Amino acid sequence: MDIRLAGAPAPEVHSLPDPPVVALYPPEFDGVRPRLLVEEGAEVRRGDPLIEDKRNPALKLAAPAGGRVLAVRRGERRAILAIEIERSDREETVDFGAHSIESIDALSREAVLERLLRTGLLALIRQRPFSHMADPENRPAAIFVNGMNTAPFTPDLAVALEGREAAFAAGLRAMARLTDGLVHLCLAEGAPAPEPPPGERLRVHRFSGPHPAGNTSVHIHHIDPIREGRKVWTVRGEDLVLIGELLLGGALPTHRVIALGGPGVRESERRHLRVRIGSPLGAVLEGRMVPGETRAIAGDALSGRAFAADEGIGWRDTAVTVVPEGRERAFLGWLMPGWRQFSHSRTFLSAWLGRNRRWDHTTNLHGSPRAMILTGLYDRVMPMRILTDFLVRAVLAHDVDEAVRLGLLETDPEDFALPAFLCPSKTDLPGIIRAGLAEAEAEGL
Amino acid sequence: MKFLLHWIERARPWFGPEGRLRRFFPIYEAGETFLFTPASVTRGAPHVRDALDIKRTMITVAVALVPCLLFGIFNAGYQYNTANQVADAGFLAHVFQGAWIVLPIVLVSYAVGGAWEVLFAMVRKHEINEGFLVTGLLFPLTLPPTIPLWQVAVGISFGIVLGKEIFGGTGFNVLNPALTARAFLFFAYPAQITGDRVWTVVRDRAETVAGFTGATPLAVAADVPAGASLGEALREAGFAWSDMAGGLIGGSIGETSLIPIALGALILVAGGVGAWRIMAGGLLGLAAASGLFGLFAGEAVRPFVGMGPHLHLAMGSVAFGLVFMATDPVSAAASNPGKWIYGFLIGALVVTVRVANPAFPEGVMLSILFMNVMAPLIDHAVLQAHLRARHRYLAGFGHA
């Protein structure tokens, strides 16, 4: 389904100056129980460990910049929200050892894992089912590299990877070291294939169509679906570049390309930005937003998460979407013909008269929550062998066995963002699925 | 509008959890969201939402019913003026007379049904469901224009309370509430809802036109004896196919004419609100079953047995039932293949009941209610087939 939102980022990259203070944001490393290794005021090099995982001390979260630890910000129950580092002029850097592309092929699985653990970049690799950070103890049956984005305002991979093809290829080779199975690279139809050409263990797959054709769950489902007892790893193309840069350069990468888009961003500023990882949000958004109350979202507007005011661009952020908060109330909205509102349904005149227009969206819910009434709507945007209505009902009924038979483990909450967008009952489908996945995991499935 | 909005916002605390009028919050909520779209914003992903909500969905269904209502009003007046030989009755006279007959029925349905809806919303502390807007209009359209108003009130009460609210409100009911209401009247007060005399309002039987019987085409067709010609009998009674399709004949208020029903179906399908699979499945079922019975047709049996699907469709309420009743998403099958099966079986059952049941010639209402009950079973079967297909698909990749 093509949701025609206004605010797509232009395919050009604009470099932002590095901010004086960058930060590490431990909450984005889900599953890590942080133990703080530095104190405020300490001098650190880029790549020095700031935090280690209490459960797996080999896993460290590294400083994204060299300089002085300015502050450790804490939130509820003293959880560490951010470690701010004031960059020094020289920015000393830890050397993790540089490799040539060819020598990556000779690395052992342990050697690759060790670098990912020491820098925390392992968090860029996710594990299915349940979508969390890859567990280094597991040998994945396959690794899926998602080299395409279809969600609104996510980066154009061709733009984000421009000039970084070598790092991408290095990352691909490193993935082949991590699994005994195949590495599947999923690309959009027509996108350039990477160098070197697919090897024995690398398969290239092409997907086409509107969102959610770029969702990892869809790729896995059609290539080699998750079945009982089978674990796979997934990684996004943009993230693979960072892993490649770490291996090629030997130092912790510093920049990434993010997409800045959405109707809350001034039109001339909707484009790709090359930013320092760990930049505070203000440095990215300052002077680029439209006036009024807006919401900044990490990721896309369908499945992303709202930024807190003092957050910043973390390791895993690839897009920032800004959407105006929609608190206006329309008089007799249910009666109005609807010239100016976007709906996938055809009950608004806009659906008939503005087929090619793009619509300014706000965060308005457009209605109030109700019992689930309409049926068959969700499956239109679920390109997998999954009956969404039944799966959601099984999860709501806490019938985990039935939900798993219906394909729960093949899914991620992000797959239910589009059905939830459509849902006239305004149901929180991603939340339901997240709870269902947690329940299934707790039962040890 | 600003003033109104300001006034509504100011009244909000009275109905809040601390306010003196908190019991009446559902009424406040309904009135407030009726006047202004809610200001609520999304709490998490997805951060943007489609503009469609249940209010608009239900309003679309109600809008789709309006052609039937308007035609029903006109037809009720037309039938009245014809049967009672009112002199010089023109278009406006038909409309006024029809409105005088039909609108009280609709108003009673809405008022009594609405009162129940509000009462349950207050006691059970849920919002007032917009589905009632549809039920309250659907129900009167299935009634004969002669229905006593107290029966409308009793019927809609039964439908709303026992057909819907005891299950937990809209979204949880097994049966279609409007049909439940009609079925209740049908069995409780058969004299006012069956037979030849209820379909047209007449002042005094003695004064009506010569030859006016008030029988419906279905009754006429069902009574044609073996060996006689069905078509001739219908024409004699004044029911050519075009008459039955056009609908200027006696019958329940909203169901006589195919034209406004088709218009309603168009609105439902074009708006993406009504399930076209159910409608199409119903037509197929109708055709298949009448074709099957057609094999038994011959000199020895009533010609009604072999009646073609185009006649079945034009007679009685099958078109209305398939478009507006069978497509109720809550009581219908939920899966797409299930919708085909569900619609098909309704169509086939209607013909079966009509042909095989000697007691009464119409079977639409009971067919749909029966399939309402069967819908979960259909879904279960579809689900099992889906799970087997999934299993085969996964097994095709071998085991981990």
Side-chain angles (χ1 to χ4, degrees), chain A residues 5 141 224-225 227-230 295 297 301-306 323 325-335 338 341-348 361-368 370-376 379 385 387 389-390 405-407 417 420-422 424-426 428 430-431, chain B residues 1 4-5 29 33-60 126-127 129-131 168-172 270-273 275 277 329-330 332-336 339 379 382-383 386-387 389-391 393-395 397 399-400:
Chain A
L5 310 186
D224 193 4
R227 315 188 274 288
E228 220 183 324
R230 194 178 157 90
R295 179 188 300 185
I297 297 156
L302 290 173
S303 61
R305 140 193 85 81
V323 182
E325 295 280 11
R327 299 191 199 274
E328 293 110 54
R329 315 192 62 175
F331 182 63
L332 294 182
W334 53 270
L335 196 60
Q341 280 175 308
F342 175 73
S343 173
H344 183 58
S345 76
R346 293 162 307 224
T347 57
F348 291 80
H361 249 285
T362 67
T363 60
N364 192 288
L365 191 56
H366 297 293
S368 12
R370 290 287 184 269
M372 292 205 284
I373 291 179
L374 288 193
T375 54
D379 288 335
R385 281 172 186 76
L387 293 178
D389 293 281
F390 291 92
R405 272 203 301 280
L406 283 165
F421 172 83
L422 293 182
S425 300
K426 311 298 173 190
D428 175 22
Chain B
M1 293 311 126
L4 191 59
L5 184 59
E29 200 259 2
T33 57
F34 172 84
L35 287 171
F36 293 97
T37 54
S40 44
V41 294
T42 53
R43 290 232 187 98
H47 297 272
V48 292
R49 291 277 195 164
D50 194 284
L52 178 71
D53 66 350
I54 292 296
K55 241 190 204 60
R56 195 169 184 99
T57 309
M58 292 300 178
I59 291 294
T60 307
H126 62 60
E127 317 83 10
N129 279 308
E130 293 82 2
T170 303
F172 305 97
V273 174
R277 287 182 181 86
V330 178
S335 55
N336 283 340
K339 282 173 183 156
D379 276 337
V382 169
L383 192 62
H386 165 74
L387 284 175
R390 253 188 74 79
H391 185 77
Y393 176 68
L394 294 184
F397 287 91
H399 286 281

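Model, not experiment: these values are computed from the prediction. Chain letters run A, B, ... following the sequence lines, proteins first, then strands; residues in each count from 1.
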Under 4.5 Å heavy-atom distance to chain B, tell me which part of A:Arg305 shows up: side chain, backbone, both or neither. backbone

Work out which heavy atom in A:Phe390 is nearest to a heavy atom in B:Ala334; give both atom names and the distance. CZ-CB, 4.3 Å

Heavy atoms only: give me the nearest A:Arg385-B:His386 pair and the separation to one decimal. O-CE1, 3.4 Å

Part of A:Asp379 within contact of chain B (heavy atom distance under 4.5 Å): neither

Short side-chain to backbone donor-acceptor contact, A:Arg295 and B:His47, under 3.5 Å: no

